[in-house]
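Since the structure comes first, as structure tokens, the remarks are kept for the end.
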2 protein chains.
Amino acid sequence: MQVSQLDKTFFALSDPTRRAMLAQLAEGDALLKDLAEPFDMTLPAVSKHLKVLEDAGLVKRTREAQRKPATLDPKPLKEAADWLEKYREIWAANFDRLEGLLDEMKKIKKEGK
Amino acid sequence: MQVSQLDKTFFALSDPTRRAMLAQLAEGDALLKDLAEPFDMTLPAVSKHLKVLEDAGLVKRTREAQRKPATLDPKPLKEAADWLEKYREIWAANFDRLEGLLDEMKKIKKEGK
DNA sequence: CAGTAAATTAACCAATTGGTTAAGTACATA
DNA sequence: TATGTACTTAACCAATTGGTTAATTTACTG
């Protein structure tokens with residue numbers, strides 16, 4: 001089966017550890033050990049999370065001697081934001097419709113007194 | 001362990017079947033069998049996907065005789081969009097920084113000729 | 001060359017996911 | 001009451017996820 005870029009991006013964002021890692025990377029590049037530091041988790045576990053972010057294209061890495069600093073790549077996040085945006089109007093309309101329905105119900109209730 | 005609303009929302013969005021279901025629900029309420037129709041999948045499978053959307057709070061359902069129509073609830077989507085928005089500025093800055101770096105590199109390359 | 005630092009790989013494990021088939025429930029209607 | 005429609009539950013299964021420990025790789029440094 002094939003997994004789209006969007007699938008991977010949303011999946012990457014569905015874990016609080018990974019979102020926190022992205023938040024930290026937004027502050028600037030970081031090494032694995034620095035990314036791991038805030039969490040009560042072993043290095044290999046964090047390494048796996050980082051790999052999920054890499055596979056989603058959200059993080060790029062380069063070699064610097066033993067180090068392999070991670071850099072945030074925001075492009076896939078834009079794609080995700082665009083997907084949400086694409087539906088925002090419809091959702092807004094939907095929301096308005098619900099609001100309207102609620103008003104309707106209040107009116108009926110009042111009349112019924 | 002505890003799973004946040006945001007976790008559930010992003011996870012729900014990470015599957016193309018579920019995104020398609022949401023897209024269909026954006027057109028209006030739908031029954032399970034109608035939601036299932038576009039997919040080469042059994043009803044219980046679609047029922048499970050719908051449950052994931054319900055658990056994420058993206059879908060509400062009501063009883064109507066045998067039927068149990070599903071309605072889109074866009075609120076959690078707003079939360080997800082807000083999360084992305086919250087980091088957009090930082091990401092934009094990050095992107096500009098990369099662009100700047102790229103310009104720098106071009107300049108150096110040119111000077112090196 | 002020995003030691004240390006940063007990260008990865010391998011092997012394992014329990015829980016979850018995403019699908020199936022088969023059986024069961026909830027209602028409406030002939 | 002029997003039948004059909006809409007949906008759910010149960011039981012099962014393979015693959016994936018999210019974690020562990022132990023060993024290995026990569027590269028600098030004394």
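Here is the naming used below: chain letters follow the sequence lines, and residue numbers restart at 1 for every chain.
- Less than 4.0 Å separates DNA chain D from at least one heavy atom of each of the following residues of residues 60-69 of chain B: B:Arg61, B:Gln66, B:Arg67, B:Lys68.
- Applying the salt bridge (charged side-chain N to carboxylate O under 4.0 Å, His left out) criterion to B:Glu85, with sequence neighbours excluded, gives B:Arg88.
- Distance CG (A:Leu31) to C1' (D:dT26): 15 Å, rounded to an integer number of Å.
- Hydrophobic cluster membership of A:Leu31, counting Ile, Leu, Val, Met, Phe, Trp and Tyr whose side-chain heavy atoms lie under 4.5 Å apart directly or via other members: none, as it forms a cluster of its own.
- Among the nucleotides D:dG18, C:dT20, C:dA7, the one closest to any side-chain atom of A:Asp15 is D:dG18.
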All N/O contacts under 3.5 Å from nucleotides 9-17 of chain D to the protein, with atom names and distances to one decimal?
from: D:dT9; atom 1: OP2; to: B:Lys51; atom 2: NZ; distance (Å): 3.3

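- Sequence neighbours left out, the pairs with a member in residues 8-23 of chain A that pass salt bridge (Lys or Arg N to Asp or Glu O under 4.0 Å) are A:Arg19-B:Asp7.
- Looking at B:Ser47, its side chain never comes within 3.5 Å of a backbone N or O of B:Leu43 through a donor-acceptor pair.
- For the pair A:Lys86 and A:Asp82, the salt-bridge criterion is not met [side-chain N within less than 4.0 Å of a carboxylate O].
- The side chain of B:Lys33 approaches D:dC7 more closely than any other nucleotide in the set D:dC7, C:dT21, C:dA7.
- Atom CG of A:Leu6 sits about 5.0 Å away from atom CD of A:Glu79, to the nearest 0.5 Å.
- B:Leu35 has its CG atom 9 Å from the P atom of D:dC7, to the nearest Å.
- Sequence neighbours left out, not one pair with a member in residues 54-66 of chain A passes side-chain hydrogen bond (donor to acceptor under 3.5 Å, both in side chains).
- Here the C1' atom of nucleotide C:dA7 and the CD atom of A:Glu37 are 17 Å apart, to the nearest Å.
- Atoms CE (B:Met41) and C1' (C:dT21) sit 16 Å apart, rounded to a whole Å.
- Atom CG in B:Leu43 sits about 15 Å away from atom P in C:dA22, given to the nearest Å.
- Side chains of B:Leu35 and B:Gln24 form a contact here, defined as non-hydrogen atoms less than 4.5 Å apart.
- Of all nucleotides listed (C:dT8, D:dT20, C:dG18), C:dT8 comes nearest to the side chain of A:Leu32.
- In this structure, A:Leu50 atom CG and D:dG19 atom P are separated by 14 Å, rounded to whole Å.
- One atom, CZ of A:Phe39, and another, P of D:dG18, lie 13 Å apart when rounded to the nearest Å.
- A 4.5 Å side-chain heavy-atom check between A:Leu84 and B:Leu13 finds at least one atom pair inside the cut-off.
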